[in-house]
Number of protein chains: 2
Amino acid sequence: MKFRKSKQREKILEVLKNTNCHPTADWVYDQVKKEFPNLSLGTVYRNLKILRQQGKIKKIEHGSTYDRFDAVTNEHYHFICEKCGQIIDFKLEINKEMIDKIEEQLNCTTTRQKFELYGLCGECGG
Amino acid sequence: MKFRKSKQREKILEVLKNTNCHPTADWVYDQVKKEFPNLSLGTVYRNLKILRQQGKIKKIEHGSTYDRFDAVTNEHYHFICEKCGQIIDFKLEINKEMIDKIEEQLNCTTTRQKFELYGLCGECGG
DNA sequence: TTCTATGCAAAAAGTTTGCAGTTAA
DNA sequence: TTAACTGCAAACTTTTTGCATAGAA
C-alpha cells in the first residue's frame with residue numbers, strides 16, 4: 001500500500017499525539033476542523049484507518065461492533081479472540097493487595113474490576 | 001419499574017441461560033424467532049434491556065459505543081469514577097505467570113490485556 | 001380495566017463507501 | 001502524469017423509538 005503525505009492526516013496524528021483522552025473520531029474531527037474548516041468526517045475515518053495501518057495509532061478494540069450479552073452471573077472474566085470474535089470465560093483470583101495499593105495511590109475506592117485478555121484463540125492459531 | 005410476564009422475555013432468558021457463547025442480539029433473535037415467528041428485533045433489544053435492569057443478564061460493556069483511538073504507546077490502565085466519569089490512568093506490572101496459566105488453560109495466545117477499575121474517585125467520596 | 005409488552009417501521013447513531021474533483025510526488 | 005487524497009452525500013450497520021394493538025394482572 002502506498003501513501004502520500006496529507007496535511008489533514010498530519011494534523012490528525014498531531015492532535016492524537018497531544019492528548020491522552022483516547023478520543024473518538026468525532027472529537028478529532030472537531031479539533032482538526034479548526035484548521036481545515038471544510039474537513040469531512042469521512043476523511044477523519046479514512047485517515048484513522050491509514051494511521052492504524054502505518055502502526056502510528058491504535059484503535060481501542062472491543063472485539064466486535066455488536067453488543068454481547070451474558071446470563072452467567074458468577075464472577076468471571078473474558079478472553080476475546082481478535083480474529084473470530086469468540087469470547088471465552090475464565091476464572092481468576094484477583095490479587096487484593098494489588099487493588100489496595102492502587103486505591104491508596106489514586107485515593108479512590110473500587111467496587112469492581114474488569115479484566116479482559118485479547119489475542120488469538122486455539123482455532124485461530126493461538 | 002413494574003414488569004409483567006411475557007413469553008418472549010422468558011424465552012430470551014432461557015436461550016441466554018443455555019448458551020455460553022455470549023451472543024449478540026441478532027443471534028438471540030434468530031433463536032427465539034423459531035418459537036415466535038413474528039418476533040421483532042426491537043422486542044429483543046427491549047427485553048435485553050429489561051433483563052439487565054432486573055439483574056438477570058449482563059451486557060459485556062465496552063464503555064462507549066464510539067470507537068476510540070490512542071497514539072499514546074506506553075502501557076497503562078484506567079480507573080473510571082462511576083459518579084463523575086473521570087478516567088485516571090495508572091501503571092501496573094501485570095503478573096506474567098498468571099497470564100501464562102490462563103493461556104495454557106484456554107489454549108490461546110494473548111497480545112494485550114485490559115484491566116479497568118470502577119468505583120469512586122477521591123473527589124466523589126472515594 | 002389498566003398499563004406493560006408486542007410487531008412494525010421509521011429514526012438515530014456511528015462508520016463506510018462511491019464519485020468527481022484536487023493535489024502530492 | 002498518475003494515482004492517492006479530499007469533501008460531500010448517500011449507503012450501511014447496529015440500536016432505539018413512536019405508534020397502534022395485544023395481552024397480563
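Numbered from 1 within each chain, the chains take letters A, B, ... in sequence-line order.
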task: Quickly work out the Glu10(A) CD to dC5(D) P distance and round it to whole Å.
output: 12 Å

task: Would you check if the side chain of Thr110(A) reaches a backbone N or O of Glu103(A) as a donor-acceptor pair within less than 3.5 Å?
output: no

query: Given atom CG of Asn47(A) and atom P of dC5(D), what is their separation to the nearest angstrom?
result: 8 Å

- prompt: Within this structure, what is the CD-to-C1' distance between Gln54(B) and dT4(C), rounded to whole angstrom?
  reply: 12 Å

- line: Here the distance between atom P of dT6(C) and atom CG of Leu48(B), to the nearest Å, is 11 Å

- prompt: Does some side-chain heavy atom of Leu48(B) sit less than 4.5 Å from a side-chain heavy atom of Ile57(B)?
  reply: yes

message: Is a donor from one side chain sitting under 3.5 angstrom from an acceptor on the other, for Tyr118(B) and Glu116(B)?
response: yes

- request: Send over the distance from Leu41(B) CG to dG18(D) C1', rounded to a whole Å.
  value: 17 Å

task: Could you tell me whether the side chain of Tyr77(B) reaches within less than 4.5 Å of the side chain of Ile88(B), counting heavy atoms only?
output: no

Considering only nitrogen or oxygen atoms on both sides, find all protein atoms under 3.5 Å from nucleotides 7-11 of chain C and state each distance.
from   : atom 1 : to       : atom 2 : distance (Å)
dG7(C) : OP1    : Leu39(B) : N      : 3.4
dG7(C) : OP2    : Ser40(B) : N      : 3.4
dG7(C) : OP2    : Thr43(B) : OG1    : 2.6
dG7(C) : O5'    : Asn38(B) : O      : 3.4
dG7(C) : N7     : Arg46(B) : NH2    : 3.2
dG7(C) : O6     : Arg46(B) : NH2    : 3.2
dC8(C) : OP2    : Asn38(B) : O      : 3.1
dC8(C) : N4     : Arg46(B) : NH2    : 3.4

message: Run the side-chain contact (heavy atoms from CB on, under 4.5 Å) test on Lys7(B) and Phe36(B) for me, step by step, so that the C-alpha distance in whole Å, both residues' side-chain angles and the decisive distance to 0.1 Å come before the verdict.
response: CA-CA 9 Å; Lys7(B) 303 245 191 282; Phe36(B) 301 89; 3.6 Å; yes

task: Round to the nearest Å and state the distance from Lys59(A) atom NZ to dG14(C) atom P.
output: 14 Å

query: Okay, side chain of Arg9(B), backbone of Thr43(B): is any donor-acceptor separation there less than 3.5 Å?
result: no

N/O to N/O distances under 3.5 Å, protein versus nucleotides 20-25 of chain D:
from    : atom 1 : to      : atom 2 : distance (Å)
dG23(D) : N2     : Arg4(B) : NH1    : 2.8
dA24(D) : N3     : Arg4(B) : NH1    : 3.0

message: Rounded to whole Å, please give me the gap between OH in Tyr45(A) and C1' in dC8(D).
response: 16 Å

statement: Rounded to whole Å, the NZ-P distance (Lys49(A) to dG14(C)) equals 19 Å

query: Can you tell me if NZ on Lys91(A) sees more than 12 non-hydrogen neighbours from other groups inside 6.0 Å?
result: yes

- request: Show your reasoning for whether salt bridge (Lys or Arg N to Asp or Glu O under 4.0 Å) applies to Glu14(A) and Lys17(A).
  value: CA-CA 5 Å; Glu14(A) 186 196 317; Lys17(A) 285 250 178 237; over 6 Å; no

field: Aromatic plane relationship, His76(A) with His22(B) - under 30° parallel, 30 to 60° tilted, over 60° perpendicular
entry: tilted

